[in-house]
Enquirer: 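Below is one structure. I have some questions about it.
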Protein chains: 2
Amino acid sequence: MVTLKDVAAAAGVSPATASRALSGPTSVATVGRERVLRAAAQLGYRVNPVARALRSGRSGHLGLVLPDLANPFFASIAKGVQARARELGRNVLVADTEEDPLIELDVVTQLREQVDGVILCSPRMPAEHLRTEVGAGRGVLVNRELDGVPSVSVDNADGVRQALEHLRALGHRTVAYAGGPASSWSDARRRDAFGAVDGLTVVDLGPGRPVAARGVAAADLALGSSATAVVAYNDLVAMGVLEQLRTRGVRVPEQMSVIGFDDVPAAALVNPPLTTVALPLRAVGRRAVDLMVAAEAAIQPGAAPAGPTPPAREQLGVELVVRGSTAHASPAARGRE
Amino acid sequence: MVTLKDVAAAAGVSPATASRALSGPTSVATVGRERVLRAAAQLGYRVNPVARALRSGRSGHLGLVLPDLANPFFASIAKGVQARARELGRNVLVADTEEDPLIELDVVTQLREQVDGVILCSPRMPAEHLRTEVGAGRGVLVNRELDGVPSVSVDNADGVRQALEHLRALGHRTVAYAGGPASSWSDARRRDAFGAVDGLTVVDLGPGRPVAARGVAAADLALGSSATAVVAYNDLVAMGVLEQLRTRGVRVPEQMSVIGFDDVPAAALVNPPLTTVALPLRAVGRRAVDLMVAAEAAIQPGAAPAGPTPPAREQLGVELVVRGSTAHASPAARGRE
DNA sequence: TTGTACGCGTTATCAT
DNA sequence: ATGATAACGCGTACAA
């Protein structure tokens, strides 16, 4: 293993100078810097990140905590985080909480000390824990907002608005909402948005787990109402709705329209292809990384302490993708019951 | 930050004794150990992993390199790796290579120095690079085997056998195979297995990218042959086949049977539900971690150097999950052309 | 069994 | 601009 000392010796300077030449844009004589860089390349020197971390207190690692890696929703975010982190030359420590708030707290506590900052996806833990764990520039929230903590989320309200606008233009007048988990921050935002439309009657199918089975149950509830369209919490639930409607002999979209959220890859593969609100998940992940490094930077230097920039709270735009699961509300549909 | 020195002071012992009391089962007086442990708990002491890493040369981190986090196949493996690592109190550094062999090599090189060992999923890089990068107990291969490197994979041949056995029992005599990437180690194993059956004619649809679009093309090829069933490289390809058959007005499974590989979550949600060879991906991830820590352990102590255990090469069992996309080969099917 | 002292590789401080 | 020196927190050889 070739160390900084070796490089310094080869370049005929002190380790301190070698460090400066390699590390930062600090003041180093151009000529000396040249010699150091050449010596380093010559010897194949690579800095020891552990030693640097011990001395500087910053490992360069980012933490990513999410409820379920196998959920394509979080996988997409993770992918965005990965990509951006790689561009920035930083590594990512990933932890899966299995959707368990206790594991979540545990994992964050443990991870926090190994990384410079942690990106927390759809955290289920209560606000007070959240603030103590990732407050003070040590974390970024995704899909959740909290005073004093930077966050990036999607414009849930606009997604709902677009979906309802689309349905209304198709002649629908009564729409059912198959909501998500009661503890979901995103679901709460969407529910608010549902209340804000006029010209449409909304049937609340209640909260539920974000899985296909919940969609199966929701479909029957929707059939029992006068709704001609169902908006689901996410694509998985929407697929459950689709499946049950088929089982019941109800044709989609002729007799019932269905809209999902997320636009996971499978959404385009089901029959009929799912109309859904596409969320820019990769971009969410990328932005989260950017906010995280910005927050780190804001900690370090003696930046204007009087007016510290308030934590950024970003909201990314969403877009309705119209596929085959929505159509005009037909007389046949209304005549169904 | 409370350090070991603080604990030692509080317990009235030297840092060395405190270290011994906390670290290993080394010789420490029972009474002193008690005092140290209590002081540590009292002060909320937590070892600094970075300092420990610098001293010991081992970070406790595991590296996980995979082609695509958004691919449910790899996401499942990652999930298994996560879970097992957590049980063992180890963290996981994940890197996504975007299916690019160049990025893969780059990422592995860079990650290798930050972790104790790296788990390499479905590596696309050539064998010689592989051996230099992860040889000598520094890595574990998943879905690829190589002399001298521990690995864990699934029993591809048996999966093919089960699928063909199932089809033969249903009366099929000619089966098409929509293979995967030419560079895929798994695909090569499956191809071998196809050649080893008798009583069945196999139509090779050639290699292709493991995406739905490839399945669409493969479906047309299959229809142009005398095959009454299609086996696909993975579920995504199988879903593409399903989609195109529907477009062509060919009923599944009545006129054509379809079998996938992997059993991703979406496989049960398509119409008809996909019969597929389920791979124990979570278990694969877990075993990979176990092999990795075993390999580390084999490096450390002065274990029998004469007979070093040959690198483990594990193969996990697979299971055909029969759903709705396979049925008896019918006269109607044969009369189609 | 316990304490002292040193080193892991790097960077920050303080002189010069 | 550069060099000597200390320190980050921990583990361990050596001495007691």
Side-chain angles (χ1 to χ4, degrees), chain A residues 1-37 39-40 43-61 89 91 110 112-116 296-297 299-302, chain B residues 1-37 39-40 43-61 89 112-116 296 300-302:
Chain A
M1 160 128 293
V2 38
T3 82
L4 187 58
K5 223 188 305 190
D6 302 328
V7 174
V13 298
S14 81
T17 305
S19 173
R20 285 188 276 253
L22 292 166
S23 261
T26 24
S27 43
V28 178
T30 335
V31 34
R33 168 187 302 265
E34 193 69 22
R35 283 228 306 276
V36 171
L37 293 181
L43 300 175
Y45 168 75
R46 318 188 32 104
V47 357
N48 180 331
V50 179
R52 165 179 299 195
L54 178 60
R55 177 60 212 190
S56 69
R58 311 178 63 258
S59 66
H61 296 328
N91 289 110
Q110 196 258 336
R112 207 181 19 157
E113 327 200 322
Q114 318 249 4
V115 302
D116 298 342
E296 290 173 11
I299 290 278
Q300 192 69 351
Chain B
M1 159 123 295
V2 38
T3 80
L4 188 57
K5 223 190 300 192
D6 301 327
V7 175
V13 298
S14 80
T17 306
S19 173
R20 288 189 271 252
L22 292 166
S23 262
T26 22
S27 43
V28 178
T30 334
V31 33
R33 167 187 303 264
E34 193 69 22
R35 284 226 307 275
V36 171
L37 293 180
L43 301 175
Y45 168 76
R46 318 186 34 102
V47 337
N48 180 330
V50 179
R52 167 177 294 186
L54 179 59
R55 180 63 232 241
S56 67
R58 311 178 65 257
S59 68
H61 296 329
R112 209 181 19 159
E113 326 200 321
Q114 318 249 5
V115 301
D116 298 342
E296 290 173 11
Q300 192 68 350

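Just so we're on the same page: letters track the sequence lines, and every chain starts at 1.
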Enquirer: Quick one: label A:Val50 by what it contacts on the DNA or RNA (base, sugar-phosphate, nothing), any heavy atom closer than 4.0 Å.
Expert: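 Contact class for A:Val50: none.
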
Enquirer: Mapping B:Ser14 and B:Leu54 onto DNA chain C by nearest heavy atom, which one lands closer to the 5' end?
Expert: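 First, find each residue's nearest nucleotide; the 5'-ward one identifies B:Ser14.
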
Enquirer: Counting any heavy atom closer than 4.0 Å, what does A:Arg52 reach on the DNA or RNA strands: base, sugar-phosphate only, or nothing?
Expert: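 A:Arg52: backbone/sugar contact only, no base atoms under 4.0 Å.
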
Enquirer: When you measure from the side chain of A:Ala51, which nucleotide among D:dT2, C:dG9, D:dT12 comes out closest?
Expert: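 That would be C:dG9.
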
Enquirer: Measure from the side-chain heavy atoms of A:Val13 and tell me the nearest of D:dC10, C:dT11, D:dG3.
Expert: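 Taking heavy atoms from C-beta onward, the closest nucleotide is D:dG3.
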
Enquirer: Give the nucleotide from the list D:dC10, C:dG3, D:dG9 with an atom nearest to the side chain of B:Tyr45.
Expert: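 Nearest to the side-chain atoms of B:Tyr45, counting from C-beta on, is D:dC10.
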
Enquirer: Stem finding on DNA chain D, please: runs of three or more consecutive Watson-Crick or G-U wobble pairs, both distances under 3.5 Å, sorted by first number.
Expert: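 Stems found: C:3-16 with D:1-14.
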
Enquirer: C:dC8 phosphate, OP1 or OP2: any side-chain N/O from A:Thr3 under 4.0 angstrom?
Expert: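 Looking at the OP1 and OP2 atoms of C:dC8, neither is under 4.0 Å from any side-chain N or O of A:Thr3.
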
Enquirer: For atom C1', what is the distance between D:dA16 and D:dT12, given to the nearest Å?
Expert: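 So the two C1' atoms sit 16 Å from each other.
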
Enquirer: Which nucleotide, D:dC10, C:dG3, C:dT11, lies nearest any side-chain atom of A:Arg55?
Expert: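 Selected nucleotide (nearest to the side chain): C:dT11.
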
Enquirer: Counting just side-chain N and O atoms, does A:Ser19 come under 4.0 Å of either OP1 or OP2 of C:dT10?
Expert: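 No.
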
Enquirer: Rounded to whole angstrom units, what separation is found between the CG atom of A:Asn48 and the P atom of C:dG7?
Expert: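 Going from A:Asn48 (CG) to C:dG7 (P), I get 18 Å.
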
Enquirer: Assuming nearest nucleotide by heavy-atom distance, tell me which of A:Gly12 and B:Val2 is located more 5' along DNA chain D.
Expert: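 Comparing both residues, the 5'-ward one is A:Gly12.
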
Enquirer: For a quick check of understanding: with a heavy-atom distance under 4.0 Å over all strands, which category does B:Leu4 fall into, base, sugar-phosphate or nothing?
Expert: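 Touches sugar-phosphate only.
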
Enquirer: Between B:Thr17 and A:Val47, which residue's closest nucleotide on DNA chain C lies nearer the 5′ terminus?
Expert: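 Per heavy-atom nearest nucleotide, the more 5' residue is B:Thr17.
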
